[in-house]
**Student:** 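My questions will all concern the structure given below.
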Amino acid sequence: MPPVKSRREAYSEATRAAILDQATTLFAERGYAATSLEHVASATGVTRGAVYHHFADKQALFEAVLDAQERQAIDEIAAVATASDPWDAALLALDAFLDKCCDPAYGRLVWQEGPTALGWKRWRECEEKYAYGLVEGFIHALIDAGYLEGRAVETTVRYSFWILGGAGLALADAADEDKTRIRDEWSYLIRRTLNALRLK
């Protein structure tokens with residue numbers, strides 16, 4: 001049985017969650033550059049010192065927001081890709097990923113603000129921490145099931161990872177009225193690519 005948290009610990013966790021929630025909204029609406037820690041503190045109803053108590057600086061706060069976005073995305077994709085056949089599971093995951101990238105908040109935070117806020121190198125590390133491992137798992141499952149050739153495996157994973165990244169960037173940049181069309185076009189092209197690599 002987990003230890004019971006003190007009132008102080010519970011309050012601290014609730015405050016951190018509230019700060020993250022407000023920061024997510026503000027970063028998604030205004031962008032990283034136009035959002036200050038003062039804005040986040042005011043929206044949360046806490047002092048700036050309370051924000052600093054939980055996050056070292058604005059970049060650390062944004063990274064926590066990005067981390068939460070990616071964790072949620074991975075959980076949602078994994079929850080849908082439950083087909084017993086690895087090929088069907090991969091296609092379900094693809095659809096869930098493209099749908100997620102159509103979400104305005106996720107698209108802006110992950111694909112547009114992420115590289116600006118964290119810098120290219122750190123942003124890539126964050127993306128690989130979550131998305132790369134998921135893609136790698138699906139590729140290995142397809143190889144084990146005989147759908148893909150077990151050749152140039154690491155390059156195949158990275159190739160797939162960057163194709164999906166291209167789709168994410170395209171959907172984040174797309175106007176709202178174009179997202180469905182662009183999503184369907186990427187889905188079509190990625191499926192064509194996978195079918196071209198398919199052995200059986």
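Numbers for residues simply follow the sequence, beginning at 1. Bear in mind the structure is a predicted one, so any value in this text is a computation, not a measurement.
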**Student:** Hey, are H39 and S42 close enough side-chain-wise for a donor-acceptor pair under 3.5 Å?
**Tutor:**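 The criterion, which ignores hydrogens and geometry beyond distance, is not satisfied for H39 and S42.
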**Student:** Using a strict threshold of under 4.0 Å (side-chain N to carboxylate O), is an ion pair present between K121 and E125?
**Tutor:**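 Yes, charged N to carboxylate O under 4.0 Å.
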**Student:** If you take all heavy atoms of A81 and F138, which pair is closest and at what distance?
**Tutor:**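 Reported closest heavy-atom pair: CB-CZ, 3.8 Å.
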**Student:** In Å and rounded to the nearest 0.5 Å, what is the CG to OG1 distance from L20 to T44?
**Tutor:**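 Those atoms lie 9.0 Å apart.
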**Student:** May I ask you to check whether over 12 heavy atoms, not counting those of R151, lie within 6.0 Å of atom CZ?
**Tutor:**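 Count not over threshold, so no.
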**Student:** Ignoring hydrogens, what is the shortest heavy-atom contact between K179 and A172? Give both atom names and the distance.
**Tutor:**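 Of all heavy-atom pairs spanning K179 and A172, the closest is NZ-O, 4.0 Å.
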**Student:** Could you verify whether a donor N or O on one side chain and an acceptor N or O on the other, from E70 and Y106, lie under 3.5 Å apart?
**Tutor:**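 The answer is yes; a qualifying pair exists.
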**Student:** Going by the angle between their ring planes, with limits at 30° and 60°, are W123 and W111 parallel, tilted or perpendicular?
**Tutor:**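 Judged by the thresholds at 30° and 60°, the geometry between W123 and W111 is perpendicular.
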**Student:** Identify whether the distance between the nearest side-chain nitrogen and carboxylate oxygen of E128 and R158 falls below 4.0 Å.
**Tutor:**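 Yes, E128 and R158 are salt-bridged.
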**Student:** For I19 and H54, run side-chain contact (heavy atoms from CB on, under 4.5 Å): C-alpha distance rounded to whole Å, both residues' side-chain angles, the deciding distance at 0.1 Å, then the answer.
**Tutor:** CA-CA 9 Å; I19 292 169; H54 293 281; 4.0 Å; yes
**Student:** Checking side chain to side chain contact (heavy atoms under 4.5 Å, CB included) between F62 and each of T24, L118, D67, which is the one that passes?
**Tutor:**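 Single side chain to side chain contact (heavy atoms under 4.5 Å, CB included) partner of F62 among T24, L118, D67: L118.
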**Student:** List the atom of V135, the atom of V157, and the distance in Å for their closest heavy-atom pair.
**Tutor:**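 Minimum heavy-atom contact is CG1-O, 3.8 Å.
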**Student:** Are W162 and Y132 linked, directly or through intermediate hydrophobic residues, by side-chain heavy-atom contacts shorter than 4.5 Å (ILVMFWY only)?
**Tutor:**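 Hydrophobic grouping puts Y132 with W162.
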**Student:** First locate atom CG of L94, then atom OG of S160, and finally report the distance between them rounded to the nearest 0.5 Å.
**Tutor:**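 So the CG of L94 and the OG of S160 are separated by 10.5 Å.
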**Student:** More than 12 heavy atoms of other residues, nucleotides or ligands under 6.0 Å from OH of Y52: yes or no?
**Tutor:**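 Counting other residues, nucleotides and ligands, OH of Y52 exceeds 12 neighbours.
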**Student:** So does Y130 have more than 12 non-hydrogen atoms from other groups sitting under 6.0 Å from OH?
**Tutor:**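 Atom OH in Y130 is crowded, with more than 12 foreign heavy atoms closer than 6.0 Å.
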**Student:** Atom CG of L26 and atom CG of L61: how far apart are they, to the nearest 0.5 Å?
**Tutor:**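 Those atoms lie 9.5 Å apart.
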**Student:** Any sub-3.5 Å donor-acceptor pair from R183's side-chain atoms to C102's backbone N or O?
**Tutor:**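 It does not hold such a pair.
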**Student:** Would E136 and F161 satisfy side-chain contact (heavy atoms from CB on, under 4.5 Å), going step by step from the backbone distance to the final call?
**Tutor:** CA-CA 8 Å; E136 185 176 42; F161 176 71; over 6 Å; no
**Student:** Show the nearest heavy-atom pair for residues T35 and K58, with the distance to one decimal.
**Tutor:**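 Reported closest heavy-atom pair: O-NZ, 2.8 Å.
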**Student:** Is it possible for you to say whether L92 and I190 belong to one hydrophobic cluster, with membership spreading through side-chain heavy-atom contacts below 4.5 Å?
**Tutor:**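 Looking at the clustering, I190 is in a separate group from L92.
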**Student:** Does D95 come within less than 4.0 Å of R191, counting only side-chain N to carboxylate O?
**Tutor:**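 Here D95 pairs with R191 in a salt bridge, since their nearest N and O are under 4.0 Å apart.
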**Student:** Is there a side-chain contact (heavy atoms from CB on, under 4.5 Å) between L189 and I163 once you walk through the steps?
**Tutor:** CA-CA 10 Å; L189 290 172; I163 286 178; over 6 Å; no
**Student:** Checking side-chain polar atoms at under 3.5 Å, does Q59 have a donor or acceptor matched by the opposite partner on E63?
**Tutor:**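 E63 and Q59 do not have a side-chain donor-acceptor pair below 3.5 Å.
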**Student:** Counting only heavy atoms not in E154 (residues, nucleotides, ligands), do more than 12 fall under 6.0 Å from its CD?
**Tutor:**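 Incorrect, the count does not exceed 12.
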**Student:** So among L194, D85, L199, which one has a side chain to side chain contact (heavy atoms under 4.5 Å, CB included) with Y147?
**Tutor:**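 Only match with Y147 under side chain to side chain contact (heavy atoms under 4.5 Å, CB included): D85.
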**Student:** Tell me the closest heavy-atom pair linking L171 and I182, and the distance in Å.
**Tutor:**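 Scanning both residues, the minimum pair turns out to be CD2-CG2, 3.8 Å.
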**Student:** To the nearest 0.5 Å, what is the distance between CD1 on I77 and CG on L98?
**Tutor:**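 It comes to 9.0 Å.
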**Student:** Would you call D75 and R71 a salt bridge, using N to O less than 4.0 angstrom?
**Tutor:**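 Result for this pair is no, no salt bridge flagged.
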**Student:** Which atom pair, heavy atoms only, marks the closest approach of F55 to R16?
**Tutor:**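 Closest pair (atom of F55, atom of R16, distance): CE2-NH2, 3.5 Å.
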